[in-house]
Number of protein chains: 2
Amino acid sequence: MRHYDPRAWPPVAVTVDLVVLTIRDSALSVLLVGRGEPPYQGRLALPGGFVRPGETLPQAAARELAEETSLDPGLVHLEQLASYGDPGRDPRMRVVTVAYLGLAPGLPEPVAGTDAAAARWQAVDKISKRPSLLAFDHAAILSDGVERARSKLEYTPLAAAFCPAEFTIAQLRRVYEIVWDTKLDPRNFHRKATTTPGFVVDAGASTAGERGRPARLYRKGSAAVLHPPMLRAGAS
Amino acid sequence: MRHYDPRAWPPVAVTVDLVVLTIRDSALSVLLVGRGEPPYQGRLALPGGFVRPGETLPQAAARELAEETSLDPGLVHLEQLASYGDPGRDPRMRVVTVAYLGLAPGLPEPVAGTDAAAARWQAVDKISKRPSLLAFDHAAILSDGVERARSKLEYTPLAAAFCPAEFTIAQLRRVYEIVWDTKLDPRNFHRKATTTPGFVVDAGASTAGERGRPARLYRKGSAAVLHPPMLRAGAS
DNA sequence: CCAAAAGTGTTCTTACTACACCCATGG
DNA sequence: CCATGGGTGTAGTAAGAACACTTTTGG
């Protein structure tokens, strides 16, 4: 704050970028937009854009989500992920981006029109195999977002953010199995999810019309953290 | 990326701010500098400053740490904490700051001279009782940094970052007791710390010249995460 | 010898794992 | 009645909590 006059700040732009994850067709997927102009024309990119003068960072993230996506921002859990500011990450100028992580329930394809026209869900593992499909340093940001989502499932009830408002324990278990890429014992998972305080609350109703015994429906509980946490397999 | 020409970016400055924590006189303490000029003249602030054109964010954080502090940056564990960018958080202009968390071993007072002249350690609990002692939104940033440090002690060997290169298990336990503000059973803690793989490694030597039986010295182990984690009391 | 701090052993209880088993529905 | 998935019971095991007890120093 001493060597630089505030009226002589170095030229920097600040953006927000969004890693919005959901589960589609039994695969963890991320919302991407196609880039119509250079740089990185034709590549895919995380949705995002400049922070506007009057808005906070979370407001900018929610606005970009609404603009570039048909998702209802009320259904998407948004939290700050990290910031990325290497010089040269954008060839046009110095850009520092604040990345947000969004977790969304399974939803229909983003509708065309507005900025959301180019937005599409892509399976994360396809992108991970070819990081160069993504523009800028977005592959690294995506990787950090997926890692954050994986660890958050352990100690928070956020898995429910991937489910509709009312869901079965089996749906919740499939979220864990897909995000963690593991198999979980359905019986032990059921007990764990229903007995961990504040994880899920009984919604009263049950499913019907499907194969097998109907399943009770639950809603997300009120706990902010899970005690005890859900455990990933392999933690000997 | 569509509504704004990159050459017409909104006027924003990007800074880094540092929450550097250590343990002094059995109290968790944070490194603060006195502000000599308005705004917030006379208040305390986190060390920090503008990100310069050619440098990365971690480089900017390390540079500010060296400039405003006499600490050896090699001894301080630095990691990104979060970003803060509410409009109005700095009355002069729009400033988005990327906060870094630093954990330092107990060290002598920052020496005078250079920018570090005004740097002083302050007990965190004194600041927490009077958040208005801090300039800008630095009380909120400090609070987030302390919370991050508390939770990182659970599942990483970072408590060792508060200790000298060689330390006793009792020193390590005092770190936990001070940061978590709890009492831990010395006997169970000893067993846990020495048996958790990769947490500490025997340094061979022992203490001498103090009351009681000499203690073996340990170094920080190579594990990145602790399996099983250290547990805070109260997690029923 | 006594105080103080380091370090070990033992018991109790909690919580995870694995898997046998029963329940409720569609076809 | 059988296939399919939902849900419960139980035994074995790993790990945390509490605390008795031994070890090794300084005074």
Side-chain angles (χ1 to χ4, degrees), chain A residues 26 153-155 163 166-178 180 182-219 223 225-236, chain B residues 26 153-155 163 166-178 180 182-219 223 225-236:
Chain A
S26 300
L153 291 204
E154 290 187 45
Y155 58 93
C163 297
E166 299 198 341
F167 52 85
T168 68
I169 298 298
Q171 281 178 279
L172 193 64
R173 175 170 48 83
R174 272 167 222 130
V175 168
Y176 279 89
E177 292 181 334
I178 290 166
W180 285 352
T182 49
K183 289 289 174 195
L184 297 173
D185 185 298
R187 300 154 298 185
N188 290 335
F189 182 90
H190 186 278
R191 184 185 1 246
K192 188 82 189 285
T194 51
T195 59
T196 298
F199 192 7
V200 296
V201 295
D202 197 322
S206 292
T207 57
E210 306 189 14
R211 270 179 315 211
R213 174 175 167 177
R216 263 178 273 174
L217 289 168
Y218 293 84
R219 276 190 258 271
V225 292
L226 300 181
H227 279 300
M230 307 300 286
L231 291 181
R232 251 190 251 201
S236 77
Chain B
S26 299
L153 290 205
E154 290 187 48
Y155 57 93
C163 297
E166 299 198 340
F167 52 87
T168 68
I169 299 297
Q171 282 178 278
L172 193 65
R173 175 169 48 83
R174 272 167 222 130
V175 168
Y176 278 89
E177 291 182 334
I178 289 166
W180 285 351
T182 49
K183 288 289 174 195
L184 297 173
D185 185 298
R187 300 154 297 185
N188 289 335
F189 182 89
H190 186 280
R191 185 186 358 248
K192 188 82 187 286
T194 50
T195 59
T196 298
F199 192 5
V200 296
V201 294
D202 197 322
S206 291
T207 58
E210 306 188 13
R211 268 181 316 211
R213 173 175 169 177
R216 262 178 274 174
L217 288 168
Y218 292 84
R219 277 190 258 269
V225 292
L226 300 180
H227 279 299
M230 307 300 285
L231 291 180
R232 254 169 178 163
S236 76

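Residue numbers start from 1 in every chain, and the chains themselves are labelled A, B, ... in the order their sequence lines are given, proteins ahead of strands. Predicted model only: the values in this text are computed from it and were never measured. Every heavy atom of this structure was used, including side-chain atoms; hydrogens, water molecules and symmetry mates were not.
- Residue pairs meeting the salt bridge (charged side-chain N to carboxylate O under 4.0 Å, His left out) criterion with at least one member in residues 199-217 of chain B, sequence neighbours excluded: B/D202-B/R216.
- Contacts of B/R174 classified as salt bridge (charged side-chain N to carboxylate O under 4.0 Å, His left out), with partners at least two apart in sequence or in another chain: none.
- Distance, A/D185 CG to D/dT10 P: 17 Å, rounded to whole Å.
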Can you build the contact string for nucleotides 2-9 of chain D? Use B for base contact, S for sugar-phosphate-only contact, and - for no protein heavy atom under 4.0 Å. --BBBBBB

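- Annotation for A/T207 and A/P214: closest pair O-CB, 3.0 Å, computed over non-hydrogen atoms.
- Take A/R219 and apply the side chain to side chain contact (heavy atoms under 4.5 Å, CB included) test, not counting sequence neighbours, and it matches A/E166, A/V201, A/A203.
- Rounding to whole angstrom units, CG of residue B/L172 and C1' of C/dG7 are separated by 15 Å.
- A straight line from CG of B/L184 to P of C/dA5 spans 17 Å, rounded to a whole angstrom.
- Regarding B/E210, its CD atom lies at a distance of 11 Å from the P atom of D/dG27, rounded to whole Å.
- With sequence neighbours excluded, the residues that form a side chain to side chain contact (heavy atoms under 4.5 Å, CB included) with A/A193 are A/I169, A/L172, A/F189, A/F199.
- Contacts classified as side-chain hydrogen bond (donor to acceptor under 3.5 Å, both in side chains) and involving residues 184-195 of chain A (residues at least two apart or in different chains) are given here: A/D185-A/R187, A/N188-A/R191.
- The distance from atom CG of B/L226 to atom P of D/dA15 is 14 Å, rounded to the nearest whole Å.
- Regarding contacts with the backbone of D/dG16, a side-chain N or O of B/K192 is found under 4.0 angstrom from either OP1 or OP2.
- C/dC16 atom P lies 15 Å from atom NE2 of B/H227, rounded to whole Å.
- Residues B/A208 and B/P229 both approach DNA chain D. Their nearest nucleotides, taken by heavy-atom distance, put B/P229 toward the 5′ side.
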